[in-house]
Amino acid sequence: MNRLSILIYHRVLLEPDPLLPSLPDVRRFDHQLSLLKRCFHVLPLSVALHRLRQRRLPPRAAAITFDDGYADNADFALPVLQRHGLHATFFIASAYLNGGQMWNDDVIAHARQARLAPRALDQLLDQLKYRPFEDRLRAARALAPPRHRDLMMTSAQVQTLVRAGMDIGAHTHRHPILAAVPDAEALADIRQGKQVLEDIIQTPLTMFAYPNGKPGADYHQRHVDMVRELGFTWAFSTVAGTAYEGSDLLQLPRFTPWEPDRPRFLLRLLAQRRVAV
Ligand SMILES: [Zn+2]
């Protein structure tokens, strides 16, 4: 059974947040990693991908990834990963490093101030998600109270992750839905995201994660071709399922283990094993 489960995280909070119930806090993340280690062979993503190609994956192989570049990844997730001796790959949208904030966090800040329920927040995010890129940014910013400048990583935190042995991947510069912007803009954004991060870590990037990540909705084959032309070896969607030796290396599946309680988290992980993509 040569299959790889690739997990996506976004944030690890210091304390649970009632407005964002799907995000793990440090304790829940710690429990999830304990469980993962007990039931899976967790490998660094690049090691797992080499073994996948050579059909040498251990049984129940898994790898951990983080998207977007939140500061809490370096502040809170990294120490937990290190305590467990585990490795993760961090896909970072480079425009928001050093004091930026993504549009969805503008909307979340508004929801917190307006005391919206989690469901109302989700509806608002869904309404705005597929608006044209600039329009979406403007609408979110118009709603939002003044920003915290420390939500996303600094360049120094990216370097800290690398020094700790973690891997960095590209995730575009401004995190547009690629299918929703002109092709020239999509290409420029993917290229810029790669260059900015390579300048920070002084190493060529080989891995890319498509923003939002649904094929046919968020990106198309022409974007896969752009990713190849820009020199990436591996790219990741958000299609649920496990990778196998026949998977498209530029559209590898990943999924979010969001179940808040432990048995369901495990069941969800194991259920994904049946679907090879
Ligand atoms: Zn993202």
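Ligands are counted one by one from 1 in listed order, and the atoms in each one are counted from 1 as well.
Protein N/O/S atoms found under 2.8 Å from the Zn ion (ligand 1), listed by chain and residue number: Asp68 OD1, His171 NE2, His175 NE2.
Salt-bridge check for Arg228 with Asp225: passed, with a basic side-chain N closer than 4.0 Å to an acidic carboxylate O.
In terms of the salt bridge (charged side-chain N to carboxylate O under 4.0 Å, His left out) criterion, Asp150 has no residue partners (sequence neighbours excluded). Legend: residues meeting ring pair (Phe, Tyr, Trp, His ring centres under 6.0 Å) with Tyr9, ordered by chain and number and at least two apart, are Phe29, Phe66. Phe91 is linked by a ring pair (Phe, Tyr, Trp, His ring centres under 6.0 Å) to Phe236, counting only residues two or more places apart in sequence or in another chain.
Side chain to side chain, Asp105 and Tyr96 fail the donor-acceptor criterion of an N or O pair below 3.5 Å.
Around atom CZ of Arg27, no more than 12 heavy atoms belonging to other residues, nucleotides or ligands sit under 6.0 Å away.
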